[in-house]
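Letters go in sequence order (proteins before strands), and every chain restarts at 1. Small disclaimer: the values here were computed from a predicted structure and weren't measured.
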Protein chains: 4
Amino acid sequence: MPDGDLTERRRQEITAAAFKVFAERGYHATGIADIARELGFGHGTFYRYFANKRDIVTHVIEVAIQRIVAAVGAESPDLADTAEEYHAQLQRIGRGLYDLFIDDPQLARIFFFESGGVDQELTERMLETTELFGSLTEPYLRNGVEKGFLRADLDVPVTARAINGMIIAGALAAFRADDSAAARDRWVKSAADLIINGTRTRAATEEGQLPPRSTAATA
Amino acid sequence: MPDGDLTERRRQEITAAAFKVFAERGYHATGIADIARELGFGHGTFYRYFANKRDIVTHVIEVAIQRIVAAVGAESPDLADTAEEYHAQLQRIGRGLYDLFIDDPQLARIFFFESGGVDQELTERMLETTELFGSLTEPYLRNGVEKGFLRADLDVPVTARAINGMIIAGALAAFRADDSAAARDRWVKSAADLIINGTRTRAATEEGQLPPRSTAATA
Amino acid sequence: MPDGDLTERRRQEITAAAFKVFAERGYHATGIADIARELGFGHGTFYRYFANKRDIVTHVIEVAIQRIVAAVGAESPDLADTAEEYHAQLQRIGRGLYDLFIDDPQLARIFFFESGGVDQELTERMLETTELFGSLTEPYLRNGVEKGFLRADLDVPVTARAINGMIIAGALAAFRADDSAAARDRWVKSAADLIINGTRTRAATEEGQLPPRSTAATA
Amino acid sequence: MPDGDLTERRRQEITAAAFKVFAERGYHATGIADIARELGFGHGTFYRYFANKRDIVTHVIEVAIQRIVAAVGAESPDLADTAEEYHAQLQRIGRGLYDLFIDDPQLARIFFFESGGVDQELTERMLETTELFGSLTEPYLRNGVEKGFLRADLDVPVTARAINGMIIAGALAAFRADDSAAARDRWVKSAADLIINGTRTRAATEEGQLPPRSTAATA
DNA sequence: CATGAATGAGACTTCATTCAT
DNA sequence: GATGAATGAAGTCTCATTCAT
């Protein structure tokens, strides 16, 4: 396999093309020839840059994971000092993720649908990634618990993963939505409200004047 | 294709065998011969009961969906009259689902990993099912809103789907847990707490003595 | 892979066809499709009876070896009691082998030319076979030494292999000869004479009136 | 294709490298890139010096043949005047050949195993070479017949080729021997004895005191 | 001259599906 | 109805060869 900067650029080109074709037709329905055709070169060329079909799918998935991680990693876990700030942060993250999947629907398809169904090893990799996302979410909760605006008895690891589950649901919703902007706002608001109300302390609730805490039922 | 009761029994046998083998090796790695061998008959016989390989996977997924729906459908949406009852109901449902996936890990594998990766149509079917689960969860929330123990301004459809996302996360967690009973209890508690606290009215919070509403931070 | 008598017959058919095609075009120039075409069936069928291309060549070579062994094995090592009888026996064996290769030129091609050039393992197998032929020739010499008509100081193992070398040369000669019957007789006579005169005791020489022991030079 | 002395040197370098690599991995398992890598240049360069892969193997085989011919050609056919001298000459030739193959096992591999398996034409070339060796051996016998120490009725062409067959056997033995020096001496002695005793006149036998003519059986 | 990126013919192999028995 | 032998489309991968730089 050749080296150098040009080679790396070529590998990225191929990975991008494979990303697209896998998302469109699915891993198994895609032939190496399809990837090559997408870029307009002979299929033999593919093998100059990747060892085999299994090799490219690994790279494609890895790119997908990196993109998602990058979208989440824009925020800092200890940024929020109050429930309000956390609530705002949740919405920023949610909106970012939602937009990510809206702008690149292939990303969702690759990550959610294609990473299963290839083989045991890749399925395992996806579960590990789920775990990684879990551990990335934990610090946000821990920050809130330590600063006293989230419940002290929160089961942080489990709650973190439950929250991620909502994100997954959001991503799938993004996948089907017609009016994506409106859907995003409804979805982000509901999820953020659910999380903030479900996790903050009573004290935080009473002090703040958070919009989600409806008083309608008390009237 | 043969008719009669015996035929239907045979189809179910094959579906069950396919369910098992698909879960173990994955759809694409499984041959028709593997399914037939599992049941000890010739693989030509398979085609007397199903049109083709694509046909059987549809049935397998359908069985998986039915099993999950059955587990959820044991409860009645309008059973709960108070936040406490809803909280208890949430835990019953959660525990039921968790146990379902623990008792039958193949179910999770089929539904989460294999229903992607086959083709566009089946992926679509899985998304529809996600929608179905969303609409099955809605009545529980609507019941609470109507009876006044859940927030009136709840975006019911969206929140229902967010809650389902937590369930998905729980199912995936079940998939990896070592001590399943302990994991289940932690998981169900956290998710139910998150939901109840995130969705109920302030009045309901103040009246009831719900365990999750920590007072530690107020001390 | 299917079993039964019919299956075995099919395997033999395919082996025979492969034998022919390998001999005609050589192992590497032959595709599985060529073997299948020879028998008039689809190339996929080949794989019902043999695991892969390497598998069939093993069988083909083994058949070739068996045929040669069978041709040699017709004689019994302890049959000859005198140099004359041994001389006659040598000619019978030589004629048998020569005819074998004349009747089936493919046999020589397979054994001498194709068994090298496939891979290390098969080359090794051919060398082992050469060894086997060596050990099959030894008893003939040992018989003669024990009965006193061959030289007592004969290095039996080495001489046996040297004799086999002549046989190889004869086989190659058979390969090129125009008038095969005449070539055979000249060749068998010369080789048998060379061997008998080269190995017998002086006593045996003087007693017998063997034709090869020319007296021309003494005149 | 470039010309000049330097070009010729390059061609020889490549031929030598190909010789080595073909011997190690076999013709079909060797890629042009393997040859180029052996010399540390780009594989495209190969095609400036040889037309194609088939072209280089021709040259490699030719080199192998030349080396063997050179080893045999060191002797002069009319050097021997008596059976004793011929016997000594046989041993010199035999020892030379044996050492040639011991010192350069690749030579044997190329000539015996790789010249088969390539294609019809090269196989033909090897058979022609066998013929050449036959005609190279003939003069030695003819010399003996003319000078009267070899049997007058010897079928010179055929016997020459039979003798060559022993040489082939010796070369293959060299290929497998553990203690090459000891194996060589045993082998050369046996073959030379077999030949001299098998070809000389009775008169020559009685006059000379050749060691191989055992008298043990006459006692 | 040297290079190595690109190419595509072609070989192997699998397996869903058909169909005669 | 059951079977499994036969099939060939289709896919992966290799590598000799070309040719622009």
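Taking atom CD1 of residue A:Ile56 and atom C1' of nucleotide F:dG11, one finds them 17 Å apart after rounding to whole Å. Residue C:Phe50 contributes atom CZ, which lies 16 Å from atom C1' of E:dC12 at whole-angstrom precision. What separates CD of A:Glu8 from C1' of E:dA5 is a distance of 16 Å, to the nearest Å. In this structure, the CG atom of D:Asn52 is 17 Å from the P atom of F:dC15, given to the nearest Å. The distance between atom CZ of D:Arg11 and atom P of E:dA2, rounded to the nearest whole Å, is 13 Å.
Between B:Tyr47 and E:dC19, a side-chain N or O to OP1/OP2 separation shorter than 4.0 Å is absent. In terms of phosphate contacts, C:Arg54 brings no side-chain nitrogen or oxygen within less than 4.0 Å of OP1 or OP2 of E:dC12. Contact annotation: C:Arg48 side-chain N/O to E:dT14 OP1/OP2 distance is not under 4.0 Å.
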Let me check something: any side-chain donor-acceptor pairs from residues 37-44 of chain D under 3.5 Å, sequence neighbours excluded? List them with distances.
from: D:Arg37; atom 1: NH1; to: D:Asp34; atom 2: OD1; distance (Å): 3.1
from: D:Glu38; atom 1: OE2; to: D:Lys20; atom 2: NZ; distance (Å): 2.6

Got a list of side-chain donor-acceptor pairs under 3.5 Å for residues 107-119 of chain A, not counting sequence neighbours?
from: A:Arg109; atom 1: NH1; to: B:Gln120; atom 2: OE1; distance (Å): 2.8
from: A:Glu114; atom 1: OE1; to: A:Tyr27; atom 2: N; distance (Å): 2.9
from: A:Ser115; atom 1: OG; to: A:Phe111; atom 2: O; distance (Å): 2.6
from: A:Asp119; atom 1: OD1; to: A:Arg54; atom 2: NH2; distance (Å): 3.0
from: A:Asp119; atom 1: OD1; to: A:Glu121; atom 2: N; distance (Å): 3.2
from: A:Asp119; atom 1: OD1; to: A:Leu122; atom 2: N; distance (Å): 2.9
from: A:Asp119; atom 1: OD2; to: A:Arg54; atom 2: NE; distance (Å): 2.6
from: A:Asp119; atom 1: OD2; to: A:Arg54; atom 2: NH2; distance (Å): 3.2

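Inspection of the C:Thr129 and C:Arg125 side chains reveals an N or O donor paired with an N or O acceptor under 3.5 Å.
For A:Glu13, the side-chain hydrogen bond (donor to acceptor under 3.5 Å, both in side chains) test picks out A:Arg10, with sequence neighbours left out.
The main-chain N or O of A:Tyr49 is found under 3.5 Å from a side-chain atom of A:Arg11 such that the two form a donor-acceptor pair.
Using a 4.0 Å cut-off on heavy atoms, the residues of residues 38-46 of chain D that approach DNA chain E are D:Phe41, D:Gly42, D:His43, D:Gly44, D:Thr45, listed by number. Applying a 4.0 Å cut-off to non-hydrogen atoms, none of the residues of residues 13-25 of chain D approaches DNA chain F.
In this structure, of F:dA2, F:dC13, F:dA5, it is F:dA5 that holds the atom nearest to the side chain of C:Tyr49. Side-chain proximity of D:Lys53 to E:dC12, F:dT17, F:dT12: nearest is F:dT17.
Distance CD1/A:Ile35 to CZ/A:Phe22: 4.0 Å, rounded to 0.5 Å. Atom CD1 of residue A:Ile68 and atom CG of residue A:Asp104 lie 9.5 Å apart, to the nearest 0.5 angstrom. If you take CZ on C:Phe50 and OG1 on C:Thr15, they are separated by 3.5 Å, rounding to the nearest 0.5 Å.
Among all heavy-atom pairs drawn from C:His28 and D:His28, the shortest one is ND1-ND1, 2.9 Å. C:Asn52 approaches C:Tyr47 most closely through the heavy-atom pair CA-CE2, 3.9 Å.
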Quiz prompt | For DNA chain F, the dot-bracket pattern of Watson-Crick and G-U pairs whose distances stay under 3.5 Å, | for other-strand partners | solution = .||||||||||||||||||||

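In terms of position on DNA chain E, the residue among C:Ile32 and B:His28 whose nearest nucleotide sits closer to the 5' end is C:Ile32.
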